[in-house]
Student: 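Starting off with a structure, shown below.
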Protein chains: 2
Amino acid sequence: MFFHIDTKSNAPLYEQIIQQVKEMCAKGLLTPDERLPSVRELSSHMVINPNTVSKAYQELERQGIIVTVRGRGTFISKKTDRTSDPGRLKAIRESLKEAVIENYYAGYSKKELIKLLEEVYEEMEGKTDEN
Amino acid sequence: MFFHIDTKSNAPLYEQIIQQVKEMCAKGLLTPDERLPSVRELSSHMVINPNTVSKAYQELERQGIIVTVRGRGTFISKKTDRTSDPGRLKAIRESLKEAVIENYYAGYSKKELIKLLEEVYEEMEGKTDEN
DNA sequence: TAGGTGTACTAATATCCTTAATACACTTTC
DNA sequence: GAAAGTGTATTAAGGATATTAGTACACCTA
């Protein structure tokens with residue numbers, strides 16, 4: 001239930017934590033109301049500063065991913081549909097756009113790119129085959 | 001044939017230039033052997049430092065997107081298939097993974113995500129409908 | 001009360017981004 | 001050859017961000 005640091009990455013530590021929490025939620029490895037490690041616990045385990053962990057948790061709360069309760073800890077939020085949130089849609093399109101550009105330079109076809117997306121999707125969802 | 005700065009973005013100026021050059025190549029708005037604006041020309045037009053433009057061009061050359069010729073200028077490289085380049089494939093998967101995670105929070109289905117990818121793809125390629 | 005929670009604050013350091021000014025090597029044109 | 005245009009290299013400075021360190025506070029639970 002902890003995270004790992006990629007020292008080769010240019011991404012800040014607090015963003016690496018954010019990314020991994022979101023990824024684990026999407027994968028179902030973290031479920032609503034589940035408790036995250038405390039700030040001090042996680043910081044000492046990752047050998048980083050408590051402030052850095054706190055910064056990550058605060059940003060996750062700002063995004064609605066987690067909820068913090070003073071004196072008790074931080075917990076995964078209940079998932080609410082946000083299909084009407086234009087910001088989320090824009091973020092998806094932005095990521096897909098980057099993928100399409102990289103795909104252009106890689107030289108794969110449109111079909112192959114879609115197949116790749118399906119692969120990544122199934123790795124994430126654990127091969128549930130609805131829709 | 002110039003680029004625009006998004007002051008709201010946290011992305012560094014030189015990365016915004018890189019992104020836009022790659023996007024224009026993928027869209028076919030920049031073609032092989034076409035000449036880019038000179039470092040001084042672009043920097044004065046964008047009202048930024050020549051060093052910043054130079055940094056963007058050097059990174060683009062490192063990625064094989066452009067070629068610089070001393071005393072002549074910088075030009076778009078000929079496109080070569082890189083389907084065997086594992087780095088490119090990894091970059092694509094990474095972008096797709098981010099899209100899938102965002103898609104999880106947005107609450108769209110797998111079908112809808114694939115449809116979104118097709119939309120973005122066609123916006124890029126100008127609706128050529130092969131494969 | 002004791003120990004665990006998240007939070008706030010100030011200070012210091014390191015790294016990155018950007019600008020500035022100058023100089024050099026190369027190519028093309030006249 | 002001279003002039004003007006190319007990309008590049010260098011040093012210096014300022015600003016923003018990321019990270020660490022140390023301390024203190026407010027809250028909850030046992």
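If you're wondering where the values come from, they're calculated on a predicted model, not measured in any experiment. A, B, ... follow the sequence lines: proteins, then strands. Residue 1 opens every chain.
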Student: Starting from B:L13, can I reach B:F2 by hopping between I/L/V/M/F/W/Y residues whose side chains sit under 4.5 Å apart?
Tutor: yes
Student: Indicate whether OP1 or OP2 belonging to D:dT20 is found under 4.0 Å from a side-chain N or O atom of A:T52.
Tutor: yes
Student: Which parts of residues 59-70 of chain A get close to DNA chain C, meaning a heavy atom less than 4.0 angstrom away?
Tutor: A:E61, A:T68, A:R70
Student: Compute both the distance and the angle, then confirm whether B:K79 meets the cation-pi test with A:Y104: under 6.0 Å from the six-membered ring centre, within 45 degrees of the axis.
Tutor: yes
Student: For DNA chain C, determine which residues of residues 6-22 of chain B have any heavy atom closer than 4.0 angstrom to one of its atoms, and list them numerically.
Tutor: B:P12, B:L13, B:Y14
Student: Tell me whether A:K115 forms a cation-pi arrangement with A:Y108, defined as NZ or CZ under 6.0 Å from the six-membered ring centre and within 45 degrees of its axis.
Tutor: no
Student: A:E102 pairs by salt bridge (Lys or Arg N to Asp or Glu O under 4.0 Å) with which of B:R88, B:R93, B:K90?
Tutor: B:R88
Student: How many whole angstroms separate atom CD of B:E41 from atom P of D:dT6?
Tutor: 6 Å
Student: Quick one: B:L42 CG to D:dG5 P, roughly how many Å, whole number?
Tutor: 17 Å
Student: Once you round it to whole Å, what is the distance between C1' of D:dG5 and CZ of B:F75?
Tutor: 12 Å
Student: Go nucleotide by nucleotide along DNA chain C from the 5' end; which of B:K55 and B:R40 gets its closest nucleotide reached first?
Tutor: B:K55
Student: Check whether any side-chain heavy atom of B:F3 sits under 4.5 Å from a side-chain heavy atom of B:H45, and report yes or no.
Tutor: no
Student: Between B:R72 (CZ) and C:dT29 (C1'), how many Å, whole number?
Tutor: 13 Å
Student: Whole angstroms only, please: what is the CG-P distance between B:N51 and D:dG7?
Tutor: 13 Å
Student: Membership question, hydrophobic clusters at under 4.5 Å side-chain separation (ILVMFWY): are A:I66 and A:M24 in the same one?
Tutor: yes
Student: Would a 4.5 Å heavy-atom cut-off, applied to side chains only, mark A:L42 and A:I48 as touching?
Tutor: no
Student: Between B:E122, B:E119, B:E125, which is the residue that forms a salt bridge (Lys or Arg N to Asp or Glu O under 4.0 Å) with A:K110?
Tutor: B:E122
Student: Using a 3.5 Å distance criterion without hydrogens, assess whether the side chain of B:S77 forms a donor-acceptor pair with backbone atoms of B:I65.
Tutor: yes
Student: In whole angstrom, give the distance that lies between atom CG of B:N49 and atom C1' of D:dG14.
Tutor: 13 Å
Student: Which of these nucleotides, C:dT7, C:dG6, D:dT6, is closest to any side-chain atom of B:R35?
Tutor: D:dT6
